There are 2 protein chains.
Amino acid sequence: MQPDPFHRDCGSRKVLDRIGDRWSVLIVLTLADGDRRYGELAGRIDGISQKMLTQTLRGLERDGIVTRTVRASVPPRVDYALTDLGRSLVDLVAGLEVWATTHLAEVEAARARYDAR
Amino acid sequence: MQPDPFHRDCGSRKVLDRIGDRWSVLIVLTLADGDRRYGELAGRIDGISQKMLTQTLRGLERDGIVTRTVRASVPPRVDYALTDLGRSLVDLVAGLEVWATTHLAEVEAARARYDAR
DNA sequence: CAGCATCCGTTGCGATACTG
DNA sequence: CAGTATCGCAACGGATGCTG
């Protein structure tokens with residue numbers, strides 16, 4: 001039997017939750033064009049708190065989407081990179097980004113119309 | 001200048017939030033193969049509460065992704081359908097569903113590995 | 001530098017009860 | 001049938017301070 005996200009207890013729901021997550025999308029997108037250090041991610045993703053960055057990275061690592069590599073040096077350096085699984089996701093989340101940006105104006109117009117009644 | 005979800009205050013963030021939302025994805029997917037009544041949606045999307053169904057439908061309506069049509073009859077009947085904008089989203093969210101189901105096993109294996117250390 | 005721990009207000013969301 | 005209203009808890013998520 002196929003996994004079916006329409007069914008309550010199917011794990012695909014959890015997977016959907018993660019890949020749909022706001023920060024996950026932005027992190028995967030950032031790592032799509034190259035490995036990044038912790039601080040680089042923090043700098044590129046405007047408005048993310050340290051807590052959410054760490055938390056989201058841990059979740060992505062746990063799900064096998066990113067790898068975390070610690071280099072024993074002073075100061076410490078930690079690199080994050082996409083796994084094969086993570087790379088298989090890039091086109092999809094890039095598609096979300098493209099849709100969001102290209103249809104932003106339409107959505108905002110629709111909202112204005114809706115709120116005005 | 002292009003809308004950029006990497007910037008804190010860009011509206012594309014909000015758009016991304018909506019289309020990535022767990023229930024939005026399932027609702028759009030359900031409406032993708034035909035208009036549905038409120039109760040049909042409730043029946044097909046296992047585990048959604050009345051509150052979340054209504055709330056998510058309102059959000060999608062506000063964003064111009066679905067339409068809500070009330071037929072004046074007894075008992076009342078309300079039909080939900082995708083707009084053109086909503087249909088432009090179907091392939092994308094279907095892609096999310098496919099990814100989630102096809103990679104579910106990999107993700108669960110990765111989780112088990114991660115948790116076992 | 002790359003985090004972890006803690007506090008704490010805000011929001012999400014389910015359960016339940018009621019209505020046109 | 002298709003909602004709305006209210007309650008209450010749990011999770012989200014930011015700010016701050018500390019550490020190897």
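Here is how names work: the chains are called A, B, and so on, in the same order as the sequence lines, proteins then strands, and each is numbered from 1. Keep in mind that what you see is a predicted model, and the values were worked out from it rather than measured.
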Salt bridge (Lys or Arg N to Asp or Glu O under 4.0 Å) for A:D21 and A:R18? Distances and angles first, verdict last.
CA-CA 5 Å; A:D21 176 70; A:R18 170 152 314 288; 5.4 Å; no
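- Between the side chain of B:T83 and the main chain of B:G64, a donor-acceptor pair closer than 3.5 Å is present.
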Under 3.5 Å between N/O atoms: give me all the protein pairs with nucleotides 1-7 of chain D, atom names plus distance.
unit_1, atom_1, unit_2, atom_2, d
D:dC1, O3', B:R37, NH2, 3.1
D:dC1, O3', B:P76, O, 3.3
D:dA2, OP1, B:R37, NE, 3.0
D:dA2, OP1, B:R37, NH2, 3.1
D:dA2, OP2, B:G39, N, 3.0
D:dG3, OP1, B:R58, NH2, 3.4
D:dG3, OP1, B:R68, NE, 3.2
D:dG3, OP1, B:R68, NH2, 2.6
D:dG3, OP2, B:Y80, OH, 2.8
D:dG3, N7, B:Q50, NE2, 2.5
D:dT4, OP1, B:R58, NH2, 3.4
D:dT4, O4, B:Q50, OE1, 2.8

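- Residue A:I65 holds its CD1 atom at 12.5 Å from CG of A:D84, rounded to the nearest 0.5 Å.
- No hydrogens or angles considered: a donor-acceptor pair under 3.5 Å links the side chains of A:Y80 and A:R68.
- A salt bridge does not link A:D17 with A:K14: every distance from a Lys NZ or Arg NE/NH1/NH2 to an Asp or Glu carboxylate oxygen is 4.0 Å or more.
- In this structure, CE of A:M52 is placed 18 Å from P of D:dT16, rounded to the nearest angstrom.
- From the 5' end on, the contacts that DNA chain C makes with chain B at under 4.0 Å to a non-hydrogen atom open and close at C:dC13 to C:dG20.
- Applying the salt bridge (charged side-chain N to carboxylate O under 4.0 Å, His left out) criterion to B:R58, with sequence neighbours excluded, gives no partner residue.
- Considering only heavy atoms from C-beta on, A:D63 stays 4.5 Å or farther from B:E108 through its side chain.
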Using atom types as modelled, flag every donor-acceptor pair under 3.5 Å from a side chain in residues 37-45 of chain A to any protein atom, sequence neighbours excluded.
unit_1, atom_1, unit_2, atom_2, d
A:Y38, OH, A:Q50, O, 3.4
A:Y38, OH, A:T54, OG1, 2.9
A:E40, OE1, A:R37, N, 2.7

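- When the local axes at the two ends of the helix from C:dC1-D:dG20 to C:dG20-D:dC1 are compared, using 5 base pairs at each end, they differ in direction by 50° after rounding to 10°.
- In this structure, B:R71 and B:D79 have side chains that are in contact, with non-hydrogen atoms separated by less than 4.5 Å.
- Rounding to the nearest 0.5 angstrom, the gap separating the CG atom in B:D4 from the CG atom in A:D46 is 9.0 Å.
- Looking at A:T67 and A:E61, their side chains never come closer than 4.5 Å, going by heavy atoms from C-beta outward.
- When side chains are defined from C-beta on, A:F6 counts as touching B:T30, because their heavy atoms get closer than 4.5 Å.
- Near DNA chain D, meaning a heavy atom under 4.0 Å away, there are no residues from residues 110-117 of chain B.
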